[in-house]
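In what follows, a structure is listed as structure tokens, so that the remarks can point back to it.
A quick note: this is a predicted structure, and the numbers were derived from the prediction, not measured. Numbers restart at 1 for each chain; the letters A, B, ... are given by sequence-line order, proteins then strands.
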Number of protein chains: 2
Amino acid sequence: MLAIGEFSRLTHLSIRTLRRYHEGGLLEPELVDASSGYRYYSPDQIPAAQVIHRLRELDVPLVDVRRILGAADPEQRAALVAEHLVRLEAELARTRVAVSSLRRLLAPEPAPLQVELRAEPEVTVAAVEDEVGADDVGTWFAGAMAELDAALGPPTDAGPPGGLYDNSLFEHGHGRLLLYRPSPEPPQRGRVRPVRLPAVELAVTTHHGEHDGADVTYGQLGSWVVANALTVAGPVRERYLVGPRDTDDSAAWRTEIGWPVFRVASGTPR
Amino acid sequence: MLAIGEFSRLTHLSIRTLRRYHEGGLLEPELVDASSGYRYYSPDQIPAAQVIHRLRELDVPLVDVRRILGAADPEQRAALVAEHLVRLEAELARTRVAVSSLRRLLAPEPAPLQVELRAEPEVTVAAVEDEVGADDVGTWFAGAMAELDAALGPPTDAGPPGGLYDNSLFEHGHGRLLLYRPSPEPPQRGRVRPVRLPAVELAVTTHHGEHDGADVTYGQLGSWVVANALTVAGPVRERYLVGPRDTDDSAAWRTEIGWPVFRVASGTPR
DNA sequence: TCTGGACTCTCCCCCGGGGGGAGACACCAG
DNA sequence: CTGGTGTCTCCCCCCGGGGGAGAGTCCAGA
């Protein structure tokens, strides 16, 4: 039986942290003296404490740590851990993109932007639509795209897929997302259903590369729109001209970004 | 002039976050209406907002973001960013170690531990000693080792370097650290000074590999000590038999860990 | 010019995962 | 028995975000 201080020395977890783990049901002392409240640990609990330590070093949330420790058989546990390692991998990719994008931002001269005004006609498409949190966009997107592909089969010449992004997604961290593929006769299957996209005027530009870096292009497009005195309204549209479905070379990816505008009153623009 | 909502849509930073950045002096709106308190941004501020966004994605603390943005010339700014990228790299290395160590922890059978009881005589060494926070141990260690080497010259046959770690380092996150190199006539130079290390009884084992994984070995050693009914007292000792100064192959590194014990009363152990 | 809806303001509370410190009690060796 | 050290609980603070209330502002349409 070890008092909390000894156990702390053995595991290199601070006393405070051990207490917190107790409260959180993560690591229950083998014995808690009913009268004094003193926590007593067994040496057998050292490995568990160290697993927790490692998982926390990997930023695994305490709730997930609890699930991992509570997993019945070792295989299940390994699966849960593997899941987190996958997440870690994704995090890493995100970091890489952020770094390169940061370099681009800090580079002295930003490449000038090609912006085009385009009248987008009303069109009926096969679409999946949901209310999604900003953190879940990636996951949702992958699932929705898979479902669209399952419903429509391999890519046709009807055109590339696209998406509509509710503004509140950016302003409040969650909002409606709609992912579509053009289709002459959209089926109804699972979450996929026919949706009529309204006609809009768009200020359109093309983003090159990883989608995670698109916000920079958004900013450039946005300031173009502001500078060119057009008013903004409605969800942003994207169209995936070339994406991970087409090639693994992310430098070749092309995303069209369409910012809804009202055409300036006086005559035809351009 | 853009209201906060528009600016939020342009930068993909939430309204709340923009307000927070204003409060924190990170991103001052170009104009704040004195009577209404409304914040108005200029499109020219979009790039700055996006730099902040990227830095935050890289978990750069807001204070540091402020410093980076406040940096006078671009070179200084680039240097500050580079500094953070280095930190990111270190983080990455830490993650790698944690992952492999986690695998080892979850592996079914832990390798049995060779533990030896050893009477360490009093010895005078050249040492650097400081009160250090747990997060700064790595940095401190590198600096102290460099200073020792500067004072004593290249490695001699007087023996490998070692360290003493105050227990409160583990219990409370900060404590006294002492790094030494054996030396027949310890010099006094900079932070380096002669120190008399008291004699101790140690339970000793050897940790193989990255030092970041040593806590697992600590736990094993500790539970050996507990099981073998010896009492614990005083700072832990380490001795760096093979380390990064000797070879780049971290698998070959050897750290001796000595846990202070009182020899059991009844006769000589072993 | 008024009105209603959308926008924005400030303020307070919450989250997670830690830390600091006060004041009271428990343990244990001399 | 006594004093020092260990441990308890409790409250506050940190960071960088989010939720929501309640009040004030802006602006387009009638």
Whole angstrom is fine here: how far is it from [atom1] in [X] over to [atom2] in [N]?
{"X": "A/Arg16", "N": "D/dT9", "atom1": "CZ", "atom2": "C1'", "answer": "11 Å"}
{"X": "B/Glu171", "N": "D/dT7", "atom1": "CD", "atom2": "P", "answer": "7 Å"}
{"X": "A/Glu23", "N": "D/dT7", "atom1": "CD", "atom2": "P", "answer": "16 Å"}
{"X": "B/Phe170", "N": "D/dG6", "atom1": "CZ", "atom2": "P", "answer": "16 Å"}
{"X": "A/Asp33", "N": "D/dG6", "atom1": "CG", "atom2": "P", "answer": "18 Å"}
{"X": "B/His172", "N": "D/dT5", "atom1": "NE2", "atom2": "P", "answer": "13 Å"}
{"X": "B/Ile4", "N": "D/dT25", "atom1": "CD1", "atom2": "P", "answer": "17 Å"}

### Message
Quick check on DNA chain C: between B/Ala3 and B/Gly173, whose nearest nucleotide comes earlier from the 5' end?
### Response
B/Ala3
### Query
Would you say the side-chain atoms of A/Glu238 and A/Tyr218 include a donor-acceptor pair closer than 3.5 Å?
yes
## Note on the structure
Correct closest heavy-atom pair for A/Leu13 and A/Ser8 would be O-OG, 2.9 Å
### Message
Give me the atom names and distance for the closest heavy-atom approach of B/Gly213 to B/Val97.
### Response
N-CG1, 4.2 Å
Run the salt-bridge test on [X] and [Y] with the 4.0 Å N-O cut-off and return the result as yes or no.
{"X": "A/Glu6", "Y": "A/Arg9", "result": "no"}
{"X": "A/Glu57", "Y": "A/Arg54", "result": "yes"}
{"X": "B/Arg39", "Y": "B/Asp33", "result": "no"}

NA contact type, [X], heavy-atom cut-off 4.0 Å: base, sugar-phosphate, or nothing?
{"X": "A/Arg19", "value": "base"}
{"X": "B/Arg39", "value": "sugar-phosphate"}
{"X": "A/His174", "value": "sugar-phosphate"}
{"X": "B/Arg20", "value": "base"}

### Query
For the side chain of A/Ser168 and the backbone of A/His174, is there at least one donor-acceptor N/O pair under 3.5 Å apart?
yes
### Message
Looking at D/dT7, I'd like to know if its phosphate oxygens (OP1 or OP2) sit under 4.0 Å from a side-chain N or O belonging to A/Ser36.
### Response
no
### Start and end of the DNA chain C segment that chain B contacts, any atom under 4.0 Å from a heavy atom
C/dC7 to C/dG20
### Message
Here's a test of your reading of the structure: between B/Val60 and B/Tyr40, which maps to the more 5' nucleotide of DNA chain D?
### Response
B/Val60
